[in-house]
Amino acid sequence: MDISGSATMLQSSEMDMIMDSNESAHNSNAEVSNGFMDPRVLNQLDELDLPDSTEPESRDESQHSSQDTKAVVEGRRAFLPTGCCYDDRMKLHANADYSANPHHPEDPRRIEAIMTCFKDAGLFFDGTTMEVAEALKNSPNQWMWRIAARMATREEICMAHTASHFEWVKSLGSMTSAELRQLTNDYDNGRKSLYVGNLTYQAALISAGGAIETCKNVVAGKVKNAIAVIRPPGHHAENNESLGFCIFNNVPIAAKVCMADYPEVCRKVLILDWDVHHGNGIQNMFYEDPNVLYISLHVYQNGTFYPGQPDEPGVPDGGLDKCGAGRGAGKNVNIGWAEQGVGNGEYMAAFQRIVMPIAQEFDPDLVIVSAGFDAAAGDELGGCYVTPACYSHMTHMLMSLANGKVAVCLEGGYNLHAISRSALAVAKTLMGEPPERIVIPPLNKTAAHTLNNVKRIQSAYWDCMRPGVVPLADLQERGTDRLSDMIRTAQKSTLGERHGMFPLYVQRTKLSRSFENQVLVTPEIDKARRILMIIHDPPEVVAHPDPHDNSIYAHNAFVTDGLLPYIDWAIKHGFGVMDINIPQHISQHTDADPYSDKSSESQMAKQLKELLCYLWDNYFELNPDASLTLMGIGDAYFGIKQLLISRPSTTEKVPGILCFVTGSLRPVKSETDPNLSKWYKANTLLYVSPDHACWSDEEAARKVRKNRFGRVELADITIRKGGVDGSCIGKMLRRHEADGQSWIKKQVREWERNHLEEESEEEEEEFETAAAGVDTVMNDVPVPGAAVGWEMQSSMRVPVGS
C-alpha cells in the first residue's frame with residue numbers, strides 16, 4: 001500500500017507532514033565561516049578540488065548521494081539551529097489486534113507524546129517555512145528547525161540488512177489482517193518480541209529515512225545537532241531479522257549512509273546507546289568495524305535481561321568482555337549493570353569514568369545517540385531511576401565531542417510521561433540550554449565493581465583505561481605476591497621479634513592452606529592462665545598514587561595497625577595472646593583478576609566457624625583453669641558469634657568480649673541455650689562508629705537501647721568527610737585503648753574471683769595493687785616503681801610471653 005500522499009487520510013497538521021526541500025533555508029544561518037576543517041584533512045588540501053564557494057553543494061536529499069562528495073566546510077555552529085525530525089506517518093505501525101486489549105508497550109502514542117511536549121515547551125516557531133527560517137536566522141537557539149522525514153531506499157536499508165530481510169518486511173504490506181494477527185501472535189513472545197501491521201513496512205522506511213536525514217543534516221552542517229523522534233525503534237534488529245519491537249536498525253543505516261556520502265568528514269562514528277536494553281543489532285553490525293565505536297549502557301543481569309542470549313552459538317551478547325573482533329577489537333564497550341535499579345549516580349559515573357575518556361581518545365567525527373528512555377524513572381519495563389536532568393548532563397558531555405555534531409535518535413522508552421520529559425531535557429540541552437542542576441547520589445557498590453571491570457577489560461585497547469589497572473597475568477609470571485600476604489609476613493616478623501610469637505599450625509588441610517601465617521601465638525599458650533584472643537580484619541592500607549601515571553611507590557604507601565599496643569599491653573600484664581588475622585582474600589595461583597572482592601558473609605561465617613571451633617577444641621577447652629577474653633575488630637567480629645553458638649561451653653571460660661565495629665551489628669541467640677543471649681548482653685562491650693546506621697535508624701536505635709546486640713557504646717571519635725587521618729576502626733582503637741584495657745581487667749578480675757577458688761588473698765591484693773599502679777584515670781601510664789603484678793607472680797603459671 002503506497003501512503004506517500006496520505007496526509008489527508010491521517011488528518012495531520014501541515015507542520016507534521018511538510019517535506020521541505022528548500023536548502024537555502026537550512027543554510028540561512030551559516031553565512032559566517034570560521035575556516036574550521038578537520039585537522040586530519042589539512043595535510044590533503046593540495047589534493048582536494050575545493051570549490052570557490054564555501055557553501056555545501058546542493059543534492060537531492062531523497063536519493064543516495066554521489067561518490068565524489070566533497071568535504072564540507074562549515075560556518076560557525078553556534079549560528080546554526082538544532083534540528084528535529086518527525087513524521088506522523090510513523091504512528092501507522094500498530095498492532096494488528098484491533099480488540100479492546102491495551103496496546104503493545106511500543107505504542108504509536110510515544111512519538112506523539114514527545115512532540116506534544118516539545119510544542120508545549122515552545123521549542124517550535126509557529127509560522128510558515130520562510131517565517132521559521134527568518135526567525136531562526138535571528139535567534140538560532142530559540143527554536144528547532146524541522147527536518148523533513150522521507151522513506152529510506154532499498155539501497156540504504158541493505159547497507160545494514162540483507163536483501164531477504166528487506167523483502168520480508170516489504171511483504172508485510174501485502175498480507176491480510178488475519179495473517180498479520182497470526183504472525184504477531186507467533187512473534188510477540190520470547191526473544192523475538194515483535195508485532196506487525198499492514199503499514200509496518202512504510203512506517204519502518206520513514207523511521208530509517210528520518211534517522212538518515214537527521215544525521216546527514218548534522219554532518220553537512222545544516223544544523224548544529226539534531227534529534228529524531230522516530231519509531232519503530234531499531235537497535236535490536238539484526239542484519240537478517242526484526243527483533244525486540246525493532247524492524248530496521250535505524251542508527252547503523254544512518255551511520256553507514258553518512259560514512260559513504262561524506263567520506264572526508266565522517267570517517268569515524270561513535271554510537272552511544274543508553275537504552276536500558278543492550279543494542280545487540282548495532283553491536284553485531286559493527287563488531288569488526290574499526291571506524292565505529294559502539295558503547296552501550298544497559299542492564300545485563302548476567303545475560304538474563306532482554307535481549308538475553310543469542311539464539312545462534314558464537315554470537316556475542318551484552319557481556320562486559322565482548323569488545324569487538326578482528327580490526328574492530330576494542331571498538332565495542334559494554335557497560336552492563338548487574339541489576340535493575342541503577343540511576344543518576346551510576347550513569348554519571350559511567351560517563352565520567354568510561355564513556356567520555358574512551359570517546360575522547362577515539363575522537364569521532366559524528367556522535368549518534370541511540371536514545372532509549374526506558375532507563376528513565378517511571379518506566380516499568382526498565383526498572384531504573386535516571387532523571388531528565390541526568391539525560392541532559394549526558395547529552396551535554398557528548399556535545400563536547402565531534403565539534404558538537406550530535407544526532408539523537410529515539411529507541412525505546414514506554415512510559416509516556418517519562419519519555420516526554422526525558423526527551424525534552426535532551427532537546428533543550430541540544431539547543432544550548434545548560435543542563436539542569438543535579439545532585440548526584442552515591443554510586444552503589446555493585447555498579448562500582450562493574451565499572452572497574454569494564455575499565456580493566458578495556459585497558460587492553462585504550463590508553464585512558466590503563467592507569468590504575470594492574471596487569472596481574474604479567475606480574476604473576478615475575479613471582480609477584482599480594483600486599484596482604486606481605487603485610488602478614490611483616491607482622492609475623494615484628495611480633496616474633498618483640499614477643500616471640502610464632503605461627504600456629506592448623507592441622508586441617510583446607511584450613512591450613514587458608515590460614516597459613518594468619519594465627520600467631522605467644523609461647524606456651526596452652527599453659528597460660530589468662531588468654532586474649534584477638535580476631536581482626538587485615539590492617540588498613542593507604543597509598544597516594546603518582547598524579548601523572550597513577551603509579552604507587554612503596555614510600556607513598558602506609559599501613560595502619562592499631563592492634564600492636566593492645567598486644568604489648570596484654571603480654572605485659574601476663575596474658576597469653578592469640579592474634580587471628582582474617583584475610584579478605586585467599587591468594588591462589590589461578591587468580592586472573594587483579595581485583596577480588598571481600599569474602600561474602602556466608603563464606604566468612606563458614607571459615608570462621610571451622611577455624612575457631614578447631615582452636616577451641618584443641619587449645620582452650622583442654623586448659624580448664626584459663627580464662628579466654630575475646631576481642632573482635634571489624635567484620636571479623638562476626639566469628640565470635642559463630643564460636644559462642646557452636647560451642648556453648650565457651651561462656652564458662654570467657655570473662656568478656658570487647659569489639660570495635662563499623663559494619664553490621666548482630667544479636668547472639670541460640671536455639672539450644674536460652675541463657676546465651678542474656679549472658680552475651682551482660683558481658684560484651686561494643687564500640688560503634690558515630691556514622692553507623694544504628695544511631696540514625698529508629699528501629700535499630702531501639703534495639704541498641706534494649707541491648708539486643710550487647711552493650712553498645714557510641715565511639716568518641718570525630719569523622720571528617722574526606723579526612724585522611726585513618727579509618728574509623730583505627731580511630732576507635734586509639735581513642736578507647738585505655739578504656740578497653742581497663743574494661744578487660746575488670747572483667748578478668750571478676751571472673752577469677754568467681755571461678756578460681758585457689759587464688760589467695762595475697763595474690764588478689766597484689767593484683768589490685770598492680771592495677772592501681774598501672775591505670776591512672778583509665779590511662780595506661782605506669783607509675784615508677786609500681787609492681788607489675790601479673791608478670792611477677794610465678795605461682796600463677798603465666799606464659800613465657802616476652
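Residues take their numbers from the sequence shown, with the count starting at 1.
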Modelled atom types, side-chain donor and acceptor of Q283 and N334, under 3.5 Å: yes
Under 3.5 Å, is there a donor-acceptor pair linking the side chains of T82 and N225? yes
Side-chain touch I457/C323, heavy atoms, less than 4.5 angstrom: yes
What about H165 and F248, are their ring centers closer than 6.0 Å? yes
Report, as yes or no, whether the 6.0 Å neighbourhood of atom CD on E312 holds more than 12 heavy atoms from other residues, nucleotides or ligands. no
Looking at F124, I'd like to know if the NZ or CZ of R146 sits under 6.0 Å from its six-membered ring centre while staying within 45 degrees of the ring's axis. yes
Show your working on salt bridge (Lys or Arg N to Asp or Glu O under 4.0 Å) between E288 and R327 and close with a plain yes or no. CA-CA 6 Å; E288 298 184 15; R327 295 178 63 194; over 6 Å; no
Looking only at side chains, do Y414 and D107 share a donor and an acceptor under 3.5 Å apart? no
May I ask you to decide whether E213 forms a salt bridge with K222, counting only side-chain N to carboxylate O separations under 4.0 Å? no
With a 4.5 Å heavy-atom cut-off, do M259 and V292 have their side chains touching? yes
Tell me the salt bridge (Lys or Arg N to Asp or Glu O under 4.0 Å) pairs involving residues 239-249, sequence neighbours left out? K192-E241
Ring geometry between W168 and Y187 (parallel below 30°, tilted from 30 to 60°, perpendicular above 60°): tilted
For R154 and C158: C-alpha separation, side-chain torsions, deciding distance, then whether side-chain contact (heavy atoms from CB on, under 4.5 Å) applies. CA-CA 6 Å; R154 175 192 173 94; C158 290; 4.1 Å; yes
Contact summary for P357 and R353, nearest pair of heavy atoms: CG-O, 3.5 Å
Between C85 and A149 the two heavy atoms that sit nearest each other are SG-CB, 3.8 Å
In sequence, state the C-alpha distance, the side-chain angles, and the governing distance for H93 and Y195, and then conclude on ring pair (Phe, Tyr, Trp, His ring centres under 6.0 Å). CA-CA 9 Å; H93 169 58; Y195 75 83; 4.5 Å; yes
Short N-O contact, D317 and K322, less than 4.0 angstrom: yes
Let me see the working for K331 and N291 under side-chain hydrogen bond (donor to acceptor under 3.5 Å, both in side chains), right down to the final yes or no. CA-CA 8 Å; K331 300 303 190 299; N291 296 319; over 6 Å; no
Are M159 and E155 side-chain neighbours, meaning at least one heavy-atom pair lies under 4.5 Å? no
Are the side chains of I282 and D273 in touch, meaning some heavy atoms are under 4.5 Å apart? yes
What pair of heavy atoms forms the shortest contact from T429 to A425, and how long is it? OG1-O, 2.9 Å
Between H298 and H278, what is the ring plane arrangement, given parallel below 30°, perpendicular above 60°, and tilted in between? tilted
So, for I212 and A152, which heavy atoms are closest and what is the spacing to 0.1 Å? CD1-CB, 4.0 Å
For residues R191 and N280, determine if any side-chain heavy atom of one lies less than 4.5 Å from a side-chain heavy atom of the other. yes
If I take atom CG from residue N217 and atom CH2 from residue W145, how far apart are they, to the nearest 0.5 angstrom? 9.5 Å
Note: A359 and P364 closest approach over all heavy atoms is O-CD, 3.4 Å
Do N239 and H161 pair up side chain to side chain, a donor and an acceptor below 3.5 Å, judged on atom types alone? no
If we check side-chain contact (heavy atoms from CB on, under 4.5 Å) with T200, which of these qualifies: L172, L92, L194? L172
Just wondering, do L410 and R110 contact through their side chains at under 4.5 Å, heavy atoms? yes
Test side-chain contact (heavy atoms from CB on, under 4.5 Å) on M348 and M397 and set out the steps. CA-CA 10 Å; M348 290 296 287; M397 284 188 269; 4.0 Å; yes
Show, in sequence, the C-alpha distance, side-chain angles and deciding distance for K268 and D363, and conclude whether the salt bridge (Lys or Arg N to Asp or Glu O under 4.0 Å) test is met. CA-CA 8 Å; K268 296 194 300 180; D363 189 22; 5.0 Å; no
Can you find a heavy atom in the side chain of L270 that is under 4.5 Å from one in the side chain of I295? yes
Output, in order, the C-alpha distance, side-chain angles, deciding distance and verdict of side-chain contact (heavy atoms from CB on, under 4.5 Å) for D275 and S370. CA-CA 7 Å; D275 191 284; S370 281; 5.9 Å; no
Angle between ring planes, W274 versus F351, binned at 30° and 60°: parallel, tilted or perpendicular? tilted
Please list, chain by chain and in numerical order, all residues satisfying side chain to side chain contact (heavy atoms under 4.5 Å, CB included) with E361, sequence neighbours excluded. W462, D463, C464
Worked check of salt bridge (Lys or Arg N to Asp or Glu O under 4.0 Å) between R231 and E112: CA-CA 10 Å; R231 69 172 290 275; E112 181 182 26; over 6 Å; no
Sort out for me which residue in F305, Y300, F245 forms a ring-ring contact (aromatic ring centres under 6.0 Å, His included) with H277. F305
Relative to the ring of F373, is the ring of Y391 parallel (under 30°), tilted (30 to 60°) or perpendicular (over 60°)? perpendicular
Between I368 and A255, the two heavy atoms sitting closest are CD1-CB, 3.9 Å
Note, L297 side chain near L272 side chain (heavy atom, < 4.5 Å): yes
For N249 and H236: C-alpha separation, side-chain torsions, deciding distance, then whether side-chain contact (heavy atoms from CB on, under 4.5 Å) applies. CA-CA 7 Å; N249 209 324; H236 292 311; over 6 Å; no
